[in-house]
Amino acid sequence: MVYLDNSATTKPWTEVLDTFYKAASSYYGNPSSLHHPGLEAETLMQKARESLASLLHTKPEELVYTSGGTESNNLAIKGIAMKHRDRGQHLVTSTVEHPSVKEAFLELESFGFDVTYVPVDARGRIDPEEVENAVREDTTLVSIIHVNNEIGTIQPIEEIGRRLARYPKLYFHTDHVQGAAHVPLDLSQSFVDLCTISGHKFHGLKGTGALYTKQGVYLSSLFHGGTQEQAARAGTENVPGIVAMSKALRMSREKQSDDKGRLSSLKEYLMERLQKIDGAIVNTPIYGSAPHIINVSFPEMKPEVLVQELTRHSIHVSTKSACSSKLQEPSAVIKAAGLGEKRAASAIRISFSFDTTQEEIDRLLAVLNSNVPEMQKVMGEKK
């Protein structure tokens, strides 16, 4: 099997699963309980929190554990908006956000909030000056994705953060889900107030995530019924998942450090050869994009048909964000970049992990080169 849908989810590493099993079987006490098993679980969770904080260059008490990226994004966006709505109800985001961000803002609009959507250029990149220009006196939150989940464009988070630091009354959030393993941010230097990560994007387990909340930043909780996680997220913590997530991010950072540009070279290799396939158009920018995501369109072809054809050959890619891949709609990200309806309606996403090999990429190319021309011919005959 050739698995190239790692932006949707990654395979948990064996070492991570071993860590999860040991924690689940030996430290099963509720970390909020005062008895010995509870205290043991709390101690283990605190060690994992300290390890994760070290990797992210932040303080342990600034991390709020969640169930993943979607919850972290909703907690950051709705939490800040609702907590500070008396001071202002203007929010800023971009036109290329993940659905968990986009739909959170749409819901806030239904509650009377005013949202400004900053556009992107043809590379899917945001101009930091346009973000700053969108700020008003009543702006309380700016939320900009770090690495785009569909086309891989890296946004200038540090530059945006430096500009927004001039406005001490607003908060800056970034969705760091796709960047945490492959394009890491140093949270001590990025000028962000809130930052989202998700464990299953870097070989951890589904249902695990965290929200960095800078010391002194307060938000309204989405959940009520307990004082866990600095009273920001009620509910018994998933201790085994938390410990496994910390292990997964540590291993990912080690592999990222040892990678020496291998994935970037693999991406360039694939992009060059995709462009030689008749009719293929690569949507991912050559420069300023993450090393693990390639988006390519085959105009006039239905992307779901191509995905299924590849699956028939045990090669697995996707169309767009996993959260919206079953919706038969053109990519909102590609449309926002002004690349046209045809490219938006015919795009597939290929995404690597640190385990992806040259042989796997060659297998993908072999199937595309042999099958795409025939499929294009069939599509042409049906017109």
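- Remark: Glu309 engages Arg312 in a salt bridge, criterion side-chain N to carboxylate O under 4.0 Å.
- For the pair Gln228 (side chain) and Gly235 (backbone), a donor-acceptor distance under 3.5 Å is present.
- In the displayed structure, Tyr27 atom OH is contacted under 6.0 Å by at most 12 heavy atoms of other residues, nucleotides or ligands.
- The closest side-chain heavy-atom distance from Leu306 to Val372 is below 4.5 Å.
- For residues 34-53, there are no ring-ring contact (aromatic ring centres under 6.0 Å, His included) pairs, not counting sequence neighbours.
- At a cut-off of 3.5 Å, with distance as the only test, a side-chain donor of Thr66 or Ser72 sits close to an acceptor on the other residue.
- Ser289 and Lys267 share a donor-acceptor pair across their side chains, judged by distance under 3.5 Å alone.
- A search for side-chain contact (heavy atoms from CB on, under 4.5 Å) contacts involving Asp258 returns nothing, not counting sequence neighbours.
- Within the structure, the salt bridge (charged side-chain N to carboxylate O under 4.0 Å, His left out) test picks out no pair touching residues 6-28 (sequence neighbours left out).
- To the nearest 0.5 Å, atom OG of residue Ser370 and atom NE2 of residue His313 are 6.0 Å apart.
- In this structure the side chain of Ile197 reaches within 4.5 angstrom of the side chain of Leu56, judged on heavy atoms.
- Sorted by first and then second residue, the pairs that involve residues 73-93 and meet salt bridge (charged side-chain N to carboxylate O under 4.0 Å, His left out), not counting sequence neighbours, are Lys78-Glu107.
- Checked by atom type, the side-chain pair Ser51/Ser246 shows a donor-acceptor distance below 3.5 Å.
- Of the N and O atoms on the side chains of Ser7 and Asn149, not one donor lies less than 3.5 Å from an acceptor on the other residue.
- There is a side-chain donor-acceptor pair under 3.5 Å between Asp5 and Ser318.
- Taking NE2 of His203 as the reference point, atom OG1 of Thr9 lies at 9.5 Å (rounded to 0.5 Å).
- Applying the ring-ring contact (aromatic ring centres under 6.0 Å, His included) test to pairs two or more places apart or on separate chains, none has a residue in residues 106-133.
- Looking only at atom types and distance, the side chain of Asn73 has a donor-acceptor partner in the side chain of Thr196 under 3.5 Å away.
- Contact annotation: the side chain of Ile277 approaches that of Leu274 to within less than 4.5 Å [non-hydrogen atoms, C-beta and beyond].
- Remark: Lys47 pairs with Thr43 by the side-chain contact (heavy atoms from CB on, under 4.5 Å) rule, at least two apart or across chains.
- A donor-acceptor pair shorter than 3.5 Å cannot be found between the side chains of His200 and Thr208.
- At a threshold of 4.0 Å, the pair Arg349-Glu150 does not count as salt-bridged, since none of the basic side-chain nitrogens sits closer than that to a carboxylate oxygen.
- Using a 4.0 Å cut-off between charged side-chain N and carboxylate O, Lys214 and Glu62 make no salt bridge.
- Counting only heavy atoms from C-beta outward, the side chains of Thr95 and Val118 never approach each other to under 4.5 Å.
- Each ring-ring contact (aromatic ring centres under 6.0 Å, His included) pair with one or both residues in residues 144-191, not counting sequence neighbours, appears once here: His84-Tyr171, His146-His176, His182-His292, His182-Phe354.
- When side chains are defined from C-beta on, Leu141 counts as touching Phe105, because their heavy atoms get closer than 4.5 Å.
- Checking side-chain atoms of Ser252 against main-chain N and O of Phe202 turns up a donor-acceptor pair under 3.5 Å.
- Of the possible donor and acceptor atoms, none in the side chain of Asn148 sits under 3.5 Å from a partner among the backbone N and O of Gly124.
- Among residues at least two apart or in separate chains, salt bridge (charged side-chain N to carboxylate O under 4.0 Å, His left out) pairs with a member in residues 124-147 are Asp114-Arg136, Glu132-Arg163, Glu132-Arg166, Arg136-Asp138.
- Checked against side-chain contact (heavy atoms from CB on, under 4.5 Å), Ser265 has no partners two or more places apart in sequence or in another chain.
- Note on residues 227-252: pairs passing salt bridge (charged side-chain N to carboxylate O under 4.0 Å, His left out), not counting sequence neighbours, are Arg49-Glu229, Glu71-Arg233, Arg250-Glu254.
- Applying the ring-ring contact (aromatic ring centres under 6.0 Å, His included) rule to pairs touching residues 213-272 yields nothing, sequence neighbours excluded.
- Side-chain atoms of Ser190 do not come within 3.5 Å of backbone N or O of Val192 as any donor-acceptor pair.
- Remark: Pro240 pairs with Phe20, Ala23, Ala24, Asn238 by the side-chain contact (heavy atoms from CB on, under 4.5 Å) rule, at least two apart or across chains.
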